[in-house]
Amino acid sequence: MRELLQLLEHDARRPVKELAAMLNKPEFEIEEAIKKLEDDRIIMSYNTLIDWEKFGDHNVTSVIEVNVAPQREVGFDAIAERIYRFDEVKSVFLMSGSFDLLVIIEGQSLNKVADFVARRLSTIEGVTSTRSHFMLKAYKKDGTIIDDKEDDRRLVMTP
Amino acid sequence: MNDWEQALSDTVDLVPPSGIRKFFDVAVSMDDVITLGIGEPDFVTPWHIRESCVYGLEKGYTSYSTNKGMLPLRQEIANLYKKNYAIDYNPAEEIIVTVGVSEAVDLALRAILNPGDEVLIPEPCYVSYKACVILAGGKPVPVPTKIENEFRVTAADLKKFVTPATKALLIGYPNNPTGTILTEEELNGLAKFAEKYNLIVLSDEIYGDLTYGGLEHICFSTLPGMKDRTILFNGFSKAYAMTGWRLGYAMANPVFIEAMNKIHQYTMLCAPVTAQVAGIEALRNGEKNMHKMINEYDQRRHLIYEGFCRMGLKTFEPKGAFYIFPSIKETGMTSEEFVENLLEREHVAVIPGNAFGECGEGFIRCSYATSVDKIAGALNRIENFLKNI
């Protein structure tokens, strides 16, 4: 099961026929396993890693350190939910260390992201402070090197 | 006008030309070729190994090392064999670091052969064995094996070719090109044979880490009585994806190692010190990445084996290295015709089996050290090729 997940994590479009051959299992077993992993939400979604910059979109990504005052009974969860429901918010993590929530926001421009932080995020009740960092360049994303220059340099035939 | 051809040594004339050269030239001229013809990993050397070499350069590791190689490297090699095979090699006297296994094989043959000495070589086998024996002044004696026995060699096969001039047995398992490995029982058969005829065994175990399906590699020196008569070869090329670094080693009794070192010190001096530094890092911290690569090879092995079975080409499941060796006899073509036509019509490069010995005629070697997408693509093209002949 772990091997199947690793293969799908690397390439979600790999046909079941190939997966079955690679894992030396019948196709129906692979199909059933994927179905179960989806039903259990172990496989949560199939996304595509896109180089939007290359496509021509120049979005701005901001990493924001958020400090919050935890609330009785729900701790950080209620405030986290108020934050992650916004479409602009790509990721939210509860952190140890000098701040509480790490929020990643994507917007069309610096102004729009700044506006979101000023008007939406920092005004949420319980948010005590924010500190924003804008990303300048992505070198590696989710395990993929963006501009990988390590082509196959092997000779075409060797003994 | 000098006829320089006449000036060449007779020995060089005896060495057969490369069996893949002409296909190579065609293959490089195509931009959409998918190649299953590469005998080296498709992984780049893991970063931590490369980084250690860079660090070594920064620290000034740029001089010669001792002839036999840096002692810490030899110590790590000894540790590896102690850990994996519970066998002791003394790093000071029983290990020599070489410029790839290729140099080590050459040294060993030159150290032990007198003119006319015969070396038994089970075929199909790696292309340089025969040539190295000739260049060392010996006589290679090919011992053919068959697909019916999954290209395993037995003592009975060897016995047919043994003569009073037989000095050594040169084996390479897991095997390039067939992917064959031998069981302990089969290896013991060879060990007894070597003992009976008092042969030196040269065992090239460069693919020793690449075995699949829960089958463990058996190091030839660990067989009863074999350590003393075995010259064992291994290196970093396959398991750590370090082919271009040219780093290998040989392990044997001090008499053989000293004799090999004598040649090595005058011809090579030492293996590149930058590679040796990287080799230490590979042995100390490379296991995790190695297992990741082996796991990927295993998945591709299943994929390619299933693919050839589906096409109806007679083949057997390879258990080691990263090659599969299907028969193409049913097509009525020779290996070279098959390879040439496949390359021309479908732009897929494979290696003709006869490049690895006469008994490889009627087979092709396909390497699965390439991405899954390329393997799947190549299989589709080969299937298409077979449908249209």
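A note on names: the letters A, B, ... follow the listed sequences, proteins ahead of strands, and every chain is numbered from 1. Being a predicted model, the structure only gives us computed values, none of them experimental.
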Turns out that what part of B:Val33 lies under 4.5 Å from chain A's heavy atoms comes down to side chain

Cut-off 4.5 Å, heavy atoms of chain B, and the answer for A:Arg153 is neither

Applying a strict 4.5 Å limit to non-hydrogen atoms, the region of A:Leu7 in contact with chain B is side chain

Cut-off 4.5 Å, heavy atoms of chain A, and the answer for B:Arg301 is neither

Report task. Just say parallel, tilted or perpendicular for the rings of B:Tyr129 and B:Tyr126, cut-offs at 30° and 60°. Result -> perpendicular

So, the part of B:Gln299 with a heavy atom under 4.5 Å from chain A: the answer is both

When the 4.5 angstrom heavy-atom criterion is applied to B:Arg310 and chain A, the contacting part is side chain

TODO: For the pair B:Phe151 and B:Phe316, name the ring-plane relationship: parallel under 30°, tilted 30 to 60°, perpendicular over 60°.
DONE: tilted

Cut-off 4.5 Å, heavy atoms of chain A, and the answer for B:Asn176 is side chain

_Parallel, tilted or perpendicular: which one describes the rings of B:Tyr297 and B:Phe322, with boundaries at 30° and 60°?_
tilted

Worksheet item: Under 3.5 Å, is there a donor-acceptor pair linking the side chains of A:Ser129 and A:Asn67?
Response: yes

Candidate pair A:Glu88 and A:Arg120, rule salt bridge (charged side-chain N to carboxylate O under 4.0 Å, His left out), full reasoning
CA-CA 11 Å; A:Glu88 292 88 338; A:Arg120 300 284 189 184; 6.0 Å; no

- [ ] Would you check if there is a donor-acceptor pair between the side chains of A:Ser45 and A:Asn47 at a distance under 3.5 Å?
- [x] yes

Check: Would you say the side-chain atoms of B:Tyr207 and B:Tyr323 include a donor-acceptor pair closer than 3.5 Å?
Finding: yes

The interface call for B:Phe23 against chain A, heavy-atom contacts under 4.5 Å, is both

Okay, B:Val127 and chain A: the region with an atom under 4.5 Å from a heavy atom over there is side chain

